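In what follows, a single structure is set out as structure tokens and then discussed.
Convention: sequence-line order gives letters A, B, ...; per-chain numbering from 1. The model shown is predicted, which means the values in this text are computed figures rather than measured ones. Just so it is clear, the values below take in all heavy atoms, side chains as well, and ignore hydrogens, waters and symmetry mates.
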2 protein chains.
Amino acid sequence: MARPRDARWAGALGILGEVRRTPGVTRAEAARRLGLGSGSATEITARLRGLDLLDEIPAPVVGRGRPTTRLRPSPRGPLVAVVEVRYEDWRCAISEIDGRPVTVAARRHGRGGGEQIVPPIAEVLSGLRSRYGRRLRAVSVAVAGAVRHGRLVQAAPLEWGPTDLSGMVPDDALPLLIGNDATLAGLAEARGGAGVRAGTVLHLTVEVGLGGVLVVGGVPVVGAGGAGGEYGHMPFGDRSVRCLCGARGCWDNDVDGRALARHLGAPPPEDPRAFAYEVLQRAAAANAAGQGEGNAEADAVRRVARALASGIAGLVNAHDPDVVTLGGVAPLIRAAAEEEFDAAYLDGLMAFRRADPIPLRAVALGDEGALIGAAAAGLDLVLSESGLNDWAADLEA
Amino acid sequence: MARPRDARWAGALGILGEVRRTPGVTRAEAARRLGLGSGSATEITARLRGLDLLDEIPAPVVGRGRPTTRLRPSPRGPLVAVVEVRYEDWRCAISEIDGRPVTVAARRHGRGGGEQIVPPIAEVLSGLRSRYGRRLRAVSVAVAGAVRHGRLVQAAPLEWGPTDLSGMVPDDALPLLIGNDATLAGLAEARGGAGVRAGTVLHLTVEVGLGGVLVVGGVPVVGAGGAGGEYGHMPFGDRSVRCLCGARGCWDNDVDGRALARHLGAPPPEDPRAFAYEVLQRAAAANAAGQGEGNAEADAVRRVARALASGIAGLVNAHDPDVVTLGGVAPLIRAAAEEEFDAAYLDGLMAFRRADPIPLRAVALGDEGALIGAAAAGLDLVLSESGLNDWAADLEA
DNA sequence: CGCTTTATCCTCGATGATCGAGCATAAAGA
DNA sequence: TCTTTATGCTCGATCATCGAGGATAAAGCG
């Protein structure tokens with residue numbers, strides 16, 4: 001062979017990237033964005049068609065000029081299976097290379113050990129495997145817990161210990177990716193949600209506890225073992241409080257439904273997320289009615305809002321992102337105590353940042369973020385150089 | 001032209017990178033590491049010699065076989081001027097493409113406004129410019145303050161406000177890079193110091209306040225405006241304390257000489273770094289003599305050690321680095337209260353991390369880190385594709 | 001209905017970095 | 001001096017990309 005090792009897929013990766021970024025781009029537009037000549041575009045798309053990676057369909061004509069085609073995932077192209085494991089349920093989805101997962105199964109699960117969810121998910125994945133065969137290239141899991149070196153090491157709110165999820169995959173040759181749900185949601189928001197076109201995105205989600213991630217240039221900063229982004233376990237809170245995670249003073253404990261319950265003198269709620277929704281709704285209503293002052297729930301919300309906002313300010317000081325995206329109940333907390341929230345945010349910023357504070361935005365992908373992010377992570381693998389080499393080799397065989 | 005735009009310098013960048021990583025590598029070794037064939041190595045080194053980027057000198061013969069050559073910066077090659085501005089002094093250095101700065105001037109400065117240092121530095125740089133002409137390709141400045149969008153926006157401990165340093169460069173065409181000193185020291189440690197070969201390095205320095213940076217794959221994570229790494233301004237401390245930076249509860253105030261003085265009931269020290277050195281030395285001596293218990297200074301040091309270590313634990317939770325490198329007085333704080341420090345570190349970690357905690361290491365480059373890092377940042381620019389294109393164009397003209 | 005305009009696509013020869021085999025070179029060891 | 005070991009150089013081949021020129025397809029216009 002006599003090609004620069006990295007050049008074999010160079011152009012192809014560019015085109016595939018455009019298709020992922022903008023599903024349904026026209027071929028002409030993709031070539032323009034990449035600065036490709038028309039000759040290269042022809043060559044590359046022809047190759048990708050031949051590899052069953054892309055398909056071209058006539059594009060609706062807009063003005064004059066020769067009509068172009070839209071680039072779409074090939075109906076015989078690679079697929080990624082995606083799983084999301086949340087506090088009370090899980091779902092499986094399948095995604096083509098445009099990164100839009102389609103749910104194929106969903107189920108609630110009890111509060112037993114983590115291993116109980118493995119068999120039913122394995123069954124679904126096994127079904128996908130026999131249905132799609134070699135088209136299925138990877139399994140990507142988003143899970144509500146701390147993940148390190150591809151293993152779920154801790155899921156305190158779920159009350160799961162270290163859990164082995166590797167039994168999910170029907171076939172040892174099928175790559176299994178496991179990521180934290182908030183991390184993957186942040187990835188999705190940064191690439192195609194509220195943080196799109198920003199170089200550095202800080203994503204934070206409040207569900208049960210707080211998770212998040214810093215995404216730089218579309219790549220999540222997850223550290224050596226992939227466990228980065230556990231911002232909920234920074235000691236922004238009261239050091240005398242021991243967190244379920246084992247550390248002290250974790251921010252986690254000051255910003256969610258459990259914190260609201262504590263401030264209200266209520267027992268720890270069974271479902272902190274639902275509890276938070278209810279309290280936030282009532283607090284927002286009270287505020288809207290001008291009865292927020294002295295209202296216990298509104299007070300609790302304000303307290304949580306201050307804890308959340310001042311921590312965010314600290315993270316902004318430390319990371320200098322272009323934008324902060326807020327998911328889960330965080331946008332609701334802000335909305336239900338906007339004044340206190342924004343004041344605490346500004347107050348926590350270094351002085352030079354106050355003139356033009358980094359914007360805080362609610363997520364754009366809603367509850368689909370983690371699933372979309374998991375698909376993106378899976379596709380990063382499948383559409384990498386080595387992934388494409390494997391795909392091409394499989395086609396030949 | 002008919003070359004893949006990125007391929008023109010591809011091989012050359014690899015070789016230059018090896019020379020930077022390992023000054024004095026042999027040509028054969030560099031080719032081996034890059035997986036280059038001997039033909040490519042010949043072609044590339046010949047081109048780099050022709051461009052006055054590299055020089056080859058005979059290598060001392062070790063065993064049998066045809067002797068190879070060492071790759072070195074060309075004596076007519078590009079240079080980067082480096083400036084470090086610290087609390088009480090500044091220095092200028094010059095670096096060839098191996099990234100080893102050689103100091104050419106140093107001076108103490110008073111505590112006036114920041115602008116006072118610009119003229120003398122400008123004079124030194126102007127001298128370098130006339131001496132080296134076009135060989136001087138960039139000026140890279142490490143400064144003890146918050147830097148954003150290439151401007152020094154805040155230097156609270158120096159008591160400088162926003163300061164325009166652009167007057168330093170003798171020629172508007174000469175690129176000026178400005179970076180935070182702790183960020184650049186972290187870059188240097190990650191690439192060639194205590195964090196070498198680690199994928200993700202968290203670097204933290206305690207001087208007056210605390211600075212640092214996360215370095216991922218040799219690239220510092222500095223956010224949108226380059227102001228990332230201001231870990232000293234995360235609210236790990238007492239929220240009732242207002243920091244000089246404008247925020248509240250900053251970690252900055254709990255970990256340095258000012259904190260030691262506060263705990264000792266002493267007035268804020270004129271030179272917090274020197275004060276810290278003295279207290280730490282006495283506390284270490286007291287501990288060594290078995291008189292650490294009840295000793296006021298040793299108690300103050302323990303308190304600072306706990307504040308430092310628990311904050312580090314929080315950052316480790318959030319970032320999951322391979323290694324934490326400690327600079328400035330941080331290693332001394334740890335040494336002077338090792339038990340408390342390590343206990344607080346472990347106590348602040350999430351439970352799953354305790355079995356195999358991320359190692360904390362003292363810096364390897366001592367006080368040269370910021371200078372070396374600034375040289376590295378400058379060379380990243382000079383030895384980029386566009387920088388090399390400019391250099392080649394200048395040679396032709 | 002045919003011509004013009006606009007936009008895109010395809011063909012084809014050129015380019016240039018890399019590759020790898022084969023040969024040349026230089027030192028150490030026998 | 002011959003062999004072994006390691007490296008450097010030459011040269012033809014490869015291949016993704018480039019860009020010019022021509023082909024193609026639709027809309028607009030008379």
Query raised in the report: Where the side chain of B:Ser40 is defined as all heavy atoms beyond and including C-beta, which of C:dT8, C:dC19, C:dT11 is the nearest nucleotide?
Result: C:dC19
Report summary line: Checking D:dG8, C:dC9, C:dT18 against the side chain of B:Ala10 (C-beta onward), the nearest is C:dT18
Report task. May I ask you to verify if any side-chain N or O of B:Thr68 is less than 4.0 angstrom from the OP1 or OP2 atom of D:dG8? Result -> yes
Query raised in the report: Is there a side-chain polar atom (N or O) of B:Arg27 under 4.0 Å from OP1 or OP2 of D:dC9?
Result: yes
**Report entry** Heavy-atom protein contacts under 4.0 Å, nucleotides 23-30 of chain D, coded B base, S sugar-phosphate only, - none
**Finding:** BBBBBS--
Check the distance between [N]'s [atom2] and [X]'s [atom1] and give it to me in whole angstrom.
| X | N | atom1 | atom2 | answer |
| --- | --- | --- | --- | --- |
| A:Ile44 | C:dT11 | CD1 | P | 15 Å |
| A:Arg49 | C:dC9 | CZ | C1' | 11 Å |
| A:Leu71 | C:dT8 | CG | P | 13 Å |
| A:Glu43 | D:dA16 | CD | P | 6 Å |
| A:Arg32 | C:dC9 | CZ | P | 9 Å |
| B:Leu34 | C:dA17 | CG | P | 17 Å |

Requested in this report: Answer with base, sugar-phosphate or nothing: what part of the nucleic acid does A:Gly39 contact at a heavy-atom distance below 4.0 Å?
Outcome: base
Requested in this report: Indicate, with a heavy-atom threshold strictly under 4.0 Å, whether A:Thr69 touches base, sugar-phosphate, or nothing.
Outcome: sugar-phosphate
Query raised in the report: Taking only residues at least two apart or on different chains, which pairs with a member in residues 57-76 of chain B satisfy salt bridge (Lys or Arg N to Asp or Glu O under 4.0 Å)?
Result: B:Asp52-B:Arg76
Query raised in the report: In a check of side-chain contact (heavy atoms from CB on, under 4.5 Å) between B:His203 and each of B:Val213, B:Leu214, B:Val215, which one passes?
Result: B:Val213
Query raised in the report: Considering only heavy atoms and no angle criterion, is a donor-acceptor pair shorter than 3.5 Å present between the side chain of A:Thr42 and the base of C:dC10?
Result: no
